[in-house]
Amino acid sequence: MQIPCQETTDAAETDGDLWFSDASVDEFEVLVEEAGQRLDLLLAARYEAYTRSCLQGLIKGGSVMVNGKKAKSGQKVTEGEQISVRFPPVRDLDVKPENIPLDILYEDNDLIIVNKPKGMVVHPAAGHYSGTLVNALLYHCKDSLSGINGVLRPGIVHRIDRDTTGSLVVCKNDRAHQAVAAQLKEHSITRKYRAIVHGRLIEDGTIHAPIGRHPQRRKEMAANVPGGKDAVTHYHVLETFAQFTYLECQLETGRTHQIRVHMKSIGHPLLGDEVYGPVKCPFPGLQGQTLHAMTIGLIHPGTGEYIEAEAPLPDYFEELLRKLRQQ
């Protein structure tokens, strides 16, 4: 299906019914191998191009029926149950195009890969409705962006944090979006990052620890928490300094804050990380974590060939390395 999903916030904040007459409906029967799953996880597996939060919003808003009755995200499904999912129509886009320069690493009719600068939010959210990557993309791409992830995230198939720099893939149509989303789901996309961490690491390693919401600090993620999702990060030592280590980190999975959380979990938080690192940063003026998405590679959704883009290290990162080498 290639139906844009209404923003989750609308569904979650609506007390009434979201069953609109002009919405698109998909119906299916729960298979034996699907029985016993949570409803939201079942839908996430079936509609892989949609975010889980988007689907949870539809469930909460009454747009998902199980045997003709409204459902809950956490309820378990049984074999033979009839599921109806109604996707509301997309509203008129109210995010404004802005003439913000883009550092484009690759572009064609299906994809655009950009080098996101430090401090730029990927898509509009509370407190950030302008100056985002989406605002810039709307100006550059006009109407050529996929609509699957809703009116506030056109084209966005994956994200990196505001203070993380580097390569980000954006999809220009729904066909490309679904193809890239499928690769993300099966962990076949190459994603290599550069990071500077506290402490000295001598050997390469792999961190295999599930990541989930922190039980007390709900805005943070944590490793090895109950209900966490499987997460794997491989790291390779590039350079070791007196008190820091320069790493290449390759993601096998893509969880929220994965590298930041994993490196903290082994006692080597990222330099400059204001959430997971030390309270006092040894380099005054550093804006957030020293993390750069250098390389991204994937199978092109149109040609079927492997493509790869590389974002050069930003100036601030190069300057930090220069200072560390002089210590």
Side-chain angles (χ1 to χ4, degrees), residues 4 7 49 51 90 92-181 183-184 189-195 251 254 259 286-303 305-319:
E7 283 304 302
T51 62
V90 177
D92 290 336
L93 188 64
D94 52 9
V95 182
K96 306 296 184 183
E98 296 178 26
N99 187 8
I100 302 171
L102 289 172
D103 183 0
I104 300 172
L105 303 173
Y106 175 89
E107 183 175 16
D108 60 25
N109 292 331
D110 292 313
L111 304 173
I112 178 171
I113 304 178
V114 298
N115 181 11
K116 189 189 80 66
K118 202 170 188 66
M120 175 179 272
V121 175
V122 171
H123 61 76
H128 298 281
Y129 289 104
S130 65
T132 72
L133 179 61
V134 162
N135 294 107
L137 288 167
L138 287 171
Y139 184 91
H140 177 81
C141 299
K142 305 297 189 291
D143 295 328
S144 297
L145 288 171
S146 71
I148 283 177
N149 264 342
V151 297
L152 296 182
R153 294 187 288 177
I156 303 302
V157 67
H158 71 118
R159 296 176 290 176
I160 55 179
D161 299 330
R162 179 185 63 185
D163 290 328
T164 299
T165 55
S167 306
L168 187 79
V169 177
V170 177
C171 297
K172 290 188 172 183
N173 54 67
D174 290 359
R175 175 184 57 81
H177 191 123
Q178 291 190 330
V180 175
Q183 292 180 61
L184 284 165
I189 290 183
T190 300
R191 285 173 292 174
K192 296 180 180 179
Y193 288 68
R194 295 294 175 90
L251 294 181
I259 293 174
L286 182 60
Q287 181 184 338
Q289 65 275 359
T290 48
L291 185 61
H292 177 68
M294 176 165 277
T295 304
I296 192 157
L298 68 157
I299 301 299
H300 191 283
T303 67
E305 297 180 353
Y306 180 79
I307 63 169
E308 192 171 274
E310 185 170 296
L313 283 176
D315 291 342
Y316 92 91
F317 206 119
E318 293 278 19
E319 179 63 18

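Throughout, numbering of the chain's residues begins at 1 and tracks the sequence.
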Check your understanding: Side chain of Lys118, backbone of Gln287: donor and acceptor closer than 3.5 Å?
Key -> yes
Review point. Do Leu137 and His123 have side chains that get closer than 4.5 Å, going by heavy atoms?
Key: no
Check your understanding: For Asp110, what residues pass the side chain to side chain contact (heavy atoms under 4.5 Å, CB included) criterion, not counting sequence neighbours?
Key -> Asp108, Asn173, Arg175, Ala176, His300, Pro301
Exercise for review: Would you mind reporting whether Ile100 and Tyr139 have side-chain heavy atoms less than 4.5 Å apart?
Suggested key: no
Check your understanding: Under the 3.5 angstrom rule, does the side chain of Ser167 hit a backbone N or O of Glu310 as a donor-acceptor pair?
Key -> no
Check your understanding: Do Asn115 and Pro312 have side chains that get closer than 4.5 Å, going by heavy atoms?
Key -> yes
Exercise for review: Kindly determine whether Leu168 and His158 satisfy side chain to side chain contact (heavy atoms under 4.5 Å, CB included), including the steps that lead there.
Suggested key: CA-CA 7 Å; Leu168 187 79; His158 71 118; 3.5 Å; yes
Check your understanding: Looking at SG of Cys171 and CG of Leu145, how far apart are the two atoms once the value is rounded to the nearest 0.5 Å?
Key -> 9.5 Å
Check your understanding: Roughly how far, to the nearest 0.5 Å, is CG of Leu298 from CD1 of Ile189?
Key -> 5.0 Å
Check your understanding: When rounded to the nearest 0.5 angstrom, what is the spacing between SG in Cys141 and CD1 in Ile112?
Key -> 4.5 Å
Check your understanding: Rounded to the nearest 0.5 Å, what separation is found between the CG atom of Leu102 and the CD1 atom of Ile113?
Key -> 13.5 Å
Exercise for review: Say whether Thr165 and Tyr316, considering side chains only, have a donor N or O and an acceptor N or O under 3.5 Å apart.
Suggested key: no
Exercise for review: Kindly indicate, with the supporting measurements, whether the criterion side chain to side chain contact (heavy atoms under 4.5 Å, CB included) is fulfilled by Val170 and Val157.
Suggested key: CA-CA 6 Å; Val170 177; Val157 67; over 6 Å; no
Exercise for review: Assess whether atom CG of Asn99 is packed by more than 12 heavy atoms of other residues, nucleotides or ligands within 6.0 Å.
Suggested key: yes
Check your understanding: So Val180 and Leu111, side chain to side chain contact (heavy atoms under 4.5 Å, CB included) or not? Walk me through it.
Key -> CA-CA 10 Å; Val180 175; Leu111 304 173; 4.0 Å; yes
Point to revise | From OG1 (Thr295) to NZ (Lys192), nearest 0.5 Å | key: 6.0 Å
Exercise for review: Please indicate whether Tyr106 has more than 12 foreign heavy atoms, meaning atoms of other residues, nucleotides or ligands, lying under 6.0 Å from its OH.
Suggested key: yes
Practice item. Mind checking side chain to side chain donor-acceptor pair (under 3.5 Å) for Thr290 and listing every partner two or more places apart, or none if nothing turns up? Key: none
Review point. Does a side chain donor of either Asp163 or Gln289 reach within less than 3.5 Å of an acceptor in the other side chain?
Key: no
Study note, to complete from the structure: Taken to the nearest 0.5 Å, the spacing of Leu133 CG from Leu138 CG works out to 9.5 Å
